J.: 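Here you go, one structure.
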Amino acid sequence: MSIDGELKIFTGNANPELAHEIADHIGVAVGDCTVRRFKDGEVRINLGESVRGCNVFVVQSTSAPVNEHLMELLIMIDALKRASARTINVLIPYYGYARQDRKARARDPITAKLVANLLETAGANRVICMDLHAGQIQGFFDIPLDHLVGMPILANYFLEKAIENPVVVSPDMGGVTRARALAERLGAPLAIIDKRRPDANVAEVMNIIGDIAGKTAILIDDMIDTAGTITLGAQALIERGAREVYACCIHPVLSADGVDKLARSPIREVVVTNTIALPPEKRIDKIRVLSVAELMAEAVMRVHTHRSVSQLFD
C-alpha cells in the first residue's frame, strides 16, 4: 500500500454534514476553510491551514442554489492549487447540469461538458461522483473520473424490509437499466411505465408494461426533481391494480412543490440518499434518507492509497 502526502478533506456550503460523515468514517477532521460572501455576492474562500504536498478531497454537491455552489467549488479548487496541494480530488455526490448532456434541439448548449471544462481548468486532478444522470458525462472529462453507484444502498434497504410480492418499476424507458439492476438484487420482476414528456418537467403516462396487479411496486429513478413523473407514475400504478407503491432515488432534488406532491401522493415511502442535503422543511415523515458517506469514504481511501476503486462501481 503506497501513500504519498497527507489526506485532507474540505467542504463548501452545499453539504457539510455529508463531508463530516465521510471524514468520521476515515478518521480525520474536516479541514479549516471558510466560505464567505462580499457585499455584492462574490464568493470569498479562505483556507485556514496548510495543504502543501497534501492529497486534498473537496466535498461539494452542485445542488440548489446550483450556481452558488459551483462557484464555491471552482474558487476552492483554485485556492488549493495556488496553495500547492499535491492533488485536488473533487467529490461531487450530485453533479448539477447533468441533464444538459446533449443537443436535444438546434442551438442547445451542452452545459454538462462546460462544467467539466470549468472543473479541469480550475485545477481538479480527479472527480468522484455518484449516479450521473447520463453515463456519457464520464467522457466529458480528460482527467480520471470515478463513477460510484448508489443503487446497492437502496437495494439493501428494501431487502431488509423484506417486502412481500415486490415488482420494480422504471418510470420511463431511459431508466430500465437502473430498474433491472435493482430488480435482480431483490429477485423481483420488472415493469416499465411508458410515458411521454411534452415539455420540461411535464410527463404523461401512456401505458404500463409488465404485471403489477396485486404487487407492491418500487419505483426507482436517479433523481426526483419536481416529483411530477414519480407521483404520476405512482397514481397510474395504483389505478392499474398495484397494492401499494414505494419510490426511491439517489438524488432528492425536490424543487418547486415537489415535496408537497410527494406528501399528497399515494406513495407509502420515498427512500433517498444524502447526496443532496435536505433542509428541515423538506424532511417530511414520508421521506427516508440513507447515507452514502461510507461508500464515498471508501472511495477516498482507495484513491489516497492507490488501490483499485472498480469494485465500488457495482
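Position 1 is the first residue of the sequence; numbering continues from there. This is a predicted model, so every value here is computed, not measured.
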J.: Can you name the closest pair of heavy atoms from Leu186 and Ala155 and give their distance?
T.: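 Result for this residue pair: CD2-O, 3.6 Å.
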
J.: Please determine whether residues Val59 and Val35 belong to a single hydrophobic cluster, defined as Ile, Leu, Val, Met, Phe, Trp and Tyr linked transitively by side-chain heavy-atom distances below 4.5 Å.
T.: no

J.: Roughly how far, to the nearest 0.5 Å, is the CD1 atom of Ile143 from the CD atom of Glu120?
T.: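 Interatomic distance, Glu120 CD to Ile143 CD1, rounded to 0.5 Å: 4.5 Å.
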
J.: So does Asn165 have more than 12 non-hydrogen atoms from other groups sitting under 6.0 Å from CG?
T.: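 Atom CG in Asn165 is packed in, count exceeds 12.
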
J.: Of all heavy-atom pairs between Ala242 and Ala217, which one has the smallest distance, and what is that distance?
T.: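 Heavy atoms only, the tightest pair is CB-CB, 4.5 Å.
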
J.: Check Gly233 against Leu219 and note the closest heavy-atom contact, atom names and distance.
T.: C-CD1, 4.2 Å

J.: Donor-acceptor check, side chain of Asp257 to backbone of Asp260, threshold 3.5 angstrom: yes or no?
T.: no

J.: Looking at every non-hydrogen atom in both residues, tell me the closest pair between Leu148 and Ala299 and how far apart they are.
T.: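 Nearest heavy atoms, Leu148 then Ala299: CD1-CB, 3.9 Å.
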
J.: Taking the side chain as every heavy atom from C-beta outward, state whether Leu80 and Met76 have any pair of such atoms under 4.5 Å apart.
T.: yes

J.: Is there a side-chain contact between Val271 and Phe158 (heavy atoms, below 4.5 Å)?
T.: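 They are in side-chain contact.
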
J.: Any non-hydrogen side-chain atom of Asp78 less than 4.5 Å from a side-chain atom of Ile75?
T.: no

J.: Check whether any side-chain N or O of Thr273 sits under 3.5 Å from a backbone N or O of Ile250 as a donor-acceptor pair, and report yes or no.
T.: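 Yes: the side chain of Thr273 pairs with the backbone of Ile250.
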
J.: Take Glu72 and Arg44 through the salt bridge (charged side-chain N to carboxylate O under 4.0 Å, His left out) test and state the conclusion after the steps.
T.: CA-CA 8 Å; Glu72 285 183 12; Arg44 181 182 181 186; over 6 Å; no

J.: Could you check whether any side-chain N or O of Asn125 sits under 3.5 Å from a backbone N or O of Ile88, counting only pairs where one atom can act as donor and the other as acceptor?
T.: yes

J.: Between Ala83 and Val51, what is the shortest heavy-atom contact and its length?
T.: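 Shortest heavy-atom contact: CB-CG2, 3.5 Å.
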
J.: Given 3.5 Å as the limit, does a donor-acceptor pair link the side chain of Lys286 with the main chain of Ser265, or not?
T.: yes

J.: Without swapping roles, check the side chain of Arg302 against the backbone of Ser308 for a donor-acceptor pair under 3.5 Å.
T.: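 Checking the backbone N and O of Ser308 against the side chain of Arg302, a donor-acceptor pair under 3.5 Å is found.
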
J.: Val289 and Ile276: same hydrophobic cluster, using ILVMFWY side-chain contacts below 4.5 Å?
T.: no

J.: Output, in order, the C-alpha distance, side-chain angles, deciding distance and verdict of side chain to side chain contact (heavy atoms under 4.5 Å, CB included) for Arg268 and Val245.
T.: CA-CA 6 Å; Arg268 177 171 179 176; Val245 178; over 6 Å; no

J.: Report yes if some heavy atom in the side chain of Arg126 is under 4.5 Å from a heavy atom in the side chain of Pro144; otherwise report no.
T.: yes

J.: Using atom types as modelled and distance alone, determine if a side-chain donor or acceptor of Ser61 lies under 3.5 Å from a backbone N or O of Thr275.
T.: yes

J.: Is there a donor-acceptor contact under 3.5 Å from the side chain of Asn15 to the main chain of Asn274?
T.: yes

J.: Yes or no on side chain to side chain contact (heavy atoms under 4.5 Å, CB included) for Ile287 and Arg283, after CA distance, side-chain angles and deciding distance?
T.: CA-CA 6 Å; Ile287 294 178; Arg283 288 180 172 268; over 6 Å; no

J.: With side chain to side chain contact (heavy atoms under 4.5 Å, CB included) as the criterion, how do Val43 and Phe38 come out once you've worked through the C-alpha distance, each side chain's angles and the decisive distance to 0.1 Å?
T.: CA-CA 7 Å; Val43 177; Phe38 285 101; over 6 Å; no

J.: Around atom CD of Gln136, are there more than 12 heavy atoms of other residues, nucleotides or ligands at under 6.0 Å?
T.: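 Check passes, neighbour count above 12.
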
J.: Would you compute the distance between atom OG of Ser170 and atom CG of Asp221 and round it to the nearest 0.5 angstrom?
T.: 7.0 Å

J.: Determine, stepwise, if the pair Asp108 / Arg102 fulfils salt bridge (charged side-chain N to carboxylate O under 4.0 Å, His left out).
T.: CA-CA 8 Å; Asp108 273 358; Arg102 67 195 187 284; over 6 Å; no

J.: Do Lys8 and Phe57 have side chains that approach each other closer than 4.5 Å (heavy atoms only, starting at C-beta)?
T.: no

J.: Kindly say whether Ala14 contributes a backbone atom to a donor-acceptor pair with the side chain of Gln60 at under 3.5 angstrom?
T.: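 Checked: pair present.
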
J.: I need the single residue from Leu145, Leu119, Asp131 that forms a side chain to side chain contact (heavy atoms under 4.5 Å, CB included) with Tyr95. Which is it?
T.: Leu119

J.: Answer yes if Val292 and Val90 sit in the same cluster of Ile, Leu, Val, Met, Phe, Trp and Tyr residues linked by side chain heavy atoms under 4.5 Å apart, and no otherwise.
T.: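 In one cluster: no.
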
J.: With a 3.5 Å cut-off and no angle check, do the side chains of Thr305 and Arg307 form a donor-acceptor pair?
T.: yes

J.: Is there a side-chain contact between Ile128 and Ile92, using heavy atoms and a 4.5 Å cut-off?
T.: no

J.: Does the side chain of Pro189 come within less than 4.5 Å of Asp211's, by heavy atoms?
T.: no

J.: Please assess Lys215 against Glu244 for the test salt bridge (charged side-chain N to carboxylate O under 4.0 Å, His left out), listing each intermediate value before the final yes or no.
T.: CA-CA 7 Å; Lys215 299 179 183 292; Glu244 59 183 1; over 6 Å; no

J.: Answer yes or no: is there a side-chain heavy-atom contact under 4.5 Å between Ile208 and Ile192?
T.: no

J.: Roughly how far, to the nearest 0.5 Å, is CE of Met223 from OG of Ser63?
T.: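 Interatomic distance, Ser63 OG to Met223 CE, rounded to 0.5 Å: 11.5 Å.
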
J.: With rounding to the nearest 0.5 Å, note down the distance linking CD1 in Ile220 to CG in Leu190.
T.: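 Going from the CD1 atom of Ile220 to the CG atom of Leu190 covers 10.5 Å.
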
J.: Give a yes or no on this: more than 12 heavy atoms of other residues, nucleotides or ligands lie within 6.0 Å of atom CD of Glu281.
T.: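 For Glu281, atom CD is crowded (more than 12 foreign heavy atoms under 6.0 Å).
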
J.: To the nearest 0.5 Å, tell me how far Phe140 CZ sits from Leu132 CG.
T.: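 Those atoms lie 10.0 Å apart.
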
J.: Report yes or no: do Met130 and Val309 belong to one cluster of Ile/Leu/Val/Met/Phe/Trp/Tyr joined by side chain heavy-atom distances under 4.5 Å?
T.: yes

J.: What verdict does the salt bridge (charged side-chain N to carboxylate O under 4.0 Å, His left out) test give for Glu184 and Arg180, after you've listed the backbone C-alpha separation in whole Å, the side-chain angles of each residue and the deciding distance to 0.1 Å?
T.: CA-CA 6 Å; Glu184 289 174 355; Arg180 182 179 291 116; 5.2 Å; no

J.: Please step through side chain to side chain contact (heavy atoms under 4.5 Å, CB included) for the pair Asn55 and Glu6, ending with a clear verdict.
T.: CA-CA 6 Å; Asn55 293 323; Glu6 183 183 355; over 6 Å; no

J.: Shared ILVMFWY cluster between Val58 and Met301, side chains joined below 4.5 angstrom?
T.: no

J.: Holding to ring-ring contact (aromatic ring centres under 6.0 Å, His included), I want the full list of residues that pass it with His251, two or more places apart in sequence or in another chain.
T.: Tyr94

J.: Tell me whether His25 contacts the main-chain N or O of Ala297 through its side chain, where contact means a donor paired with an acceptor under 3.5 Å.
T.: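 Flag not set: sc His25 to bb Ala297 has no pair under 3.5 Å.
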
J.: Between Lys282 and Leu254, is there a donor-acceptor pair closer than 3.5 Å when you use the side chain of the first and the backbone of the second?
T.: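 Confirmed, Lys282 side chain pairs with Leu254 backbone.
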
J.: How far apart are the closest heavy atoms of Ala134 and Asp101, and which atoms are they?
T.: CB-OD2, 3.4 Å

J.: Would you give the length of the straight line joining atom CD of Gln138 to atom SG of Cys129, rounded to the nearest 0.5 angstrom?
T.: 7.0 Å

